[in-house]
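Written out below as structure tokens is the structure these notes cover.
Chain naming here is simple, since letters A, B, ... match the order of the sequence lines and numbering starts at 1 in each. Because only heavy atoms are used, hydrogens play no part in the values below, and waters and symmetry mates are left out as well, while side chains stay in.
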Amino acid sequence: MVSAYVRSGRFHDAINCFYLFLLTSGVRPDSYSFPSVLKACGNLVDGKKMHCWVLKLGFEWDVFVAASLVHMYSRFGFLSAARKLFNNMPVRDMGSWNAMISGFCQNGNAAEALEVLDEMRLEGVKMDPVTVSSLLAVCSQSDDSLSGMLIHLYVIKHGLECDLFVSNALINMYAKFGSLGNAQRVFDQMEVRDVVSWNSIIAAYEQNDNPIIALGLFNKMQLIEIQPDLLTAVSLASIVAQLSDCQSGRSVHGFIVRRGWLMEDVVIGNAIVDMYAKLGAIDSARTVFEGLPVKDAISWNSLITGYAQNGLASEAIEVYRMMEEHKEIIPNQGTWVSILPAYSHVGALQQGMRIHGRVIKNSLYLDVFVGTCLVDMYGKCGRLDDALSLFYHIPRMSSVPWNAVISCLGIHGHGEKALKIFNEMLVEGVKPDHVTFVSLLSACSHSGLVDEGQWCFRMMQEEYGIKPSLKHYGCMVDLLGRAGRLEMAYNFIKNMPIQPDASVWGALLGACRIHGNYELSTFASDRLFEVEPENVGYYVLLSNIYANVGKWEDLDKVRSLARNRGLRKTPGWSSIEVNNKVDVFYTGNQTHPKCEEIYNELKVLTTKMKSLGYIPDLSFVLQDVEDDEKEHILTSHSERLAIAFGIISTPLKSTIRIFKNLRVCGDCHNATKFISRITEREIIVRDSNRFHHFKDGICSCGDYW
DNA sequence: CCTTTAAGCG
């Protein structure tokens with residue numbers, strides 16, 4: 001009975017059953033029941049108590065029972081207790097060694113496990129399939145490919161390859177290391193394969209971004225009538241998400257529901273939540289999440305990430321708030337990595353800093369993922385200095401934190417500094433990847449560093465053998481175009497070895513907007529509407545160009561073109577965080593509780609601005625209306641409402657941080673310069689493109705934007 | 001008695 005409970009994972013029931021038996025029946029347990037119940041204890045916590053019972057009933061000389069105790073203690077990481085028992089063992093068989101080693105392996109304690117292994121070798125005891133399987137698992141967990149390969153050599157030398165467990169462990173290990181060839185070779189050599197073998201090889205391809213081969217293997221597995229289990233389904237969910245196959249997603253969901261697995265195991269539920277989120281069906285993800293009988297931290301993390309990745313940052317923040325209300329759910333590293341990007345996205349600095357505090361409390365501040373998210377958060381919330389000093393305190397062996405800090409410097413317009421940090425990266429021996437160069441090129445383009453950008457683009461290909469992607473090309477067009485070299489940018493596009501996409505033509509069109517090139521903008525927009533006719537942003541951009549040069553008929557044409565395609569202008573909004581709360585303003589907003597005060601403040605400001613020489617630039621208004629009306633439209637732009645709200649709601653002369661979902665309008669940019677001078681405040685505006693730091697009537701970007 | 005496969009995040 002006890003062992004039946006253990007096999008089905010009901011450890012509490014196993015232990016309770018054992019105690020009931022012990023205390024009521026008066027019959028001595030035998031040497032078979034103790035090992036089972038000790039295994040249950042190893043999965044929970046009260047092993048000490050059970051150890052007492054072993055001693056009380058005189059079972060400590062039983063080899064099996066003693067080995068179980070050793071395993072339990074080494075699994076908890078109680079080195080000395082395990083060792084003491086081990087040294088006192090009457091007989092040391094293979095099982096005792098394995099008990100000790102596997103305990104450490106299951107604990108993730110690779111170093112200890114390998115130490116015991118050395119000892120075992122010194123005593124002339126050879127590894128058996130059990131030892132090997134345990135060790136291979138821990139090598140893959142701890143990324144120790146060297147030890148893993150050595151063990152594989154041992155396996156070949158001693159003919160252990162034919163063992164099912166050993167082969168399965170090898171497939172898993174090679175999958176973890178990304179060597180799919182080796183994993184496949186082991187799989188092909190196997191004479192007998194069980195469901196674990198199939199799951200392992202399917203997961204190998206699925207986890208290494210090869211969903212098509214993974215799916216093929218799944219079909220093969222069904223053909224030879226191996227029944228898929230829960231773990232197969234977990235891989236399957238990820239496969240269909242990678243293939244963005246919504247319909248198959250629904251089938252996988254149905255398959256799992258029919259088998260009742262969704263109610264049985266939280267892991268598969270989480271996998272389905274993640275699958276729907278990745279397929280963009282965030283509402284389905286929410287529904288599955290709500291229906292889960294048990295939710296753990298990963299369930300919550302998956303939903304938060306799902307919202308954040310679908311661009312729904314406020315929903316992600318709301319879900320995190322709900323998660324905090326469930327005291328029994330303890331947020332972990334994954335939670336911070338899910339929620340921090342959402343805070344970055346809306347500029348919720350104060351809330352992000354609260355997370356920073358918790359991260360330090362949980363000693364997770366040295367985690368590369370969390371550290372990178374924090375750097376990104378500080379950078380994107382306008383605290384560049386904090387982002388930089390934090391960067392130097394987190395591990396930076398991989399390119400990931402470097403990419404984040406370079407990108408932050410770029411959006412703040414510090415191109416030179418970004419290049420300097422890139423140089424530091426090379427000096428420290430960190431290899432740049434394709435993301436590094438996207439960050440770097442965009443940093444150059446924001447700062448007008450044309451030559452440096454071209455140098456980076458060449459170096460990327462010649463020294464690092466990275467083939468430029470559309471993102472890189474887009475950055476280059478932006479770099480040349482912004483700097484006014486429109487002809488060069490256009491020739492650059494013509495010479496591209498791959499088909500330019502909308503982002504590339506969009507960069508050219510954006511440059512035309514800045515430099516007012518009517519002819520080229522017409523040409524660029526024609527190409528643009530061929531490849532991406534449904535992006536409303538480009539119609540607005542083109543309207544801006546036409547309005548600027550007074551081509552009202554052309555503007556009307558663009559408008560009706562967009563209208564005929566059923567497109568509506570993305571509403572502009574700006575947000576500001578005051579007292580841990582994010583307020584959002586839409587252009588022309590009349591519903592905010594402080595609405596009247598905001599418009600009054602703007603009226604007062606505008607008068608002062610005009611006396612200092614501010615002239616509204618009416619060319620930024622797309623509507624063909626009277627000048628008075630145009631001026632009013634400019635004044636009610638969302639960024640201006642947010643700034644005015646900031647002025648009346650925060651202490652005098654304190655810094656104001658604004659977020660805008662689209663690009664800041666040129667007139668608002670000019671106006672903010674005046675406002676910063678009048679109110680003696682630093683005003684930091686982050687728009688969809690970059691940061692603008694306004695202070696004493698000037699902007700850090702030097703109007704290069 | 002001791003052995004293999006699990007979901008989220010840059």
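- Going from atom CG of A:L170 over to atom C1' of B:dT3 covers 13 Å, rounded to whole Å.
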When you check every protein heavy atom under 4.0 Å of nucleotides 5-10 of chain B, what one-letter string (B, S, -) results, 5' to 3'? BBBBBB

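- Counting to the nearest Å, the P atom of B:dT4 and the CD1 atom of A:I101 are 13 Å from each other.
- Look at A:F165 and the base of B:dT4; the rings do not stack under the cut-offs of 5.5 Å between centres and 30° between planes.
- Applying the ring pair (Phe, Tyr, Trp, His ring centres under 6.0 Å) rule to pairs touching residues 262-283 of chain A yields A:H253-A:Y276, sequence neighbours excluded.
- The ring of A:F422 has its center no closer than 6.0 angstrom to the ring center of A:W402.
- Here the side chains of A:N98 and A:M94 are in contact, with some heavy-atom distance below 4.5 Å.
- Spacing between atom CD1 of A:I201 and atom P of B:dT4 amounts to 19 Å, rounded to whole angstrom units.
- A search for salt bridge (Lys or Arg N to Asp or Glu O under 4.0 Å) contacts involving A:R321 returns A:E318, A:E325, not counting sequence neighbours.
- Between the side chains of A:N270 and A:N301, no donor N or O sits under 3.5 Å from an acceptor N or O.
- Distance A:L164 CG to B:dT4 P: 12 Å, rounded to the nearest Å.
- You won't find any donor-acceptor pair under 3.5 Å spanning the side chain of A:S133 and the base of B:dT4, going by distance alone.
- In summary, of the residues considered (A:D265, A:I239, A:V267), a side chain to side chain contact (heavy atoms under 4.5 Å, CB included) with A:V234 occurs for A:V267 alone.
- The distance from atom CZ of A:F104 to atom C1' of B:dT3 is 17 Å, rounded to the nearest whole Å.
- Straight-line distance from the NE2 atom of A:H71 to the P atom of B:dC2: 6 Å, rounded to whole Å.
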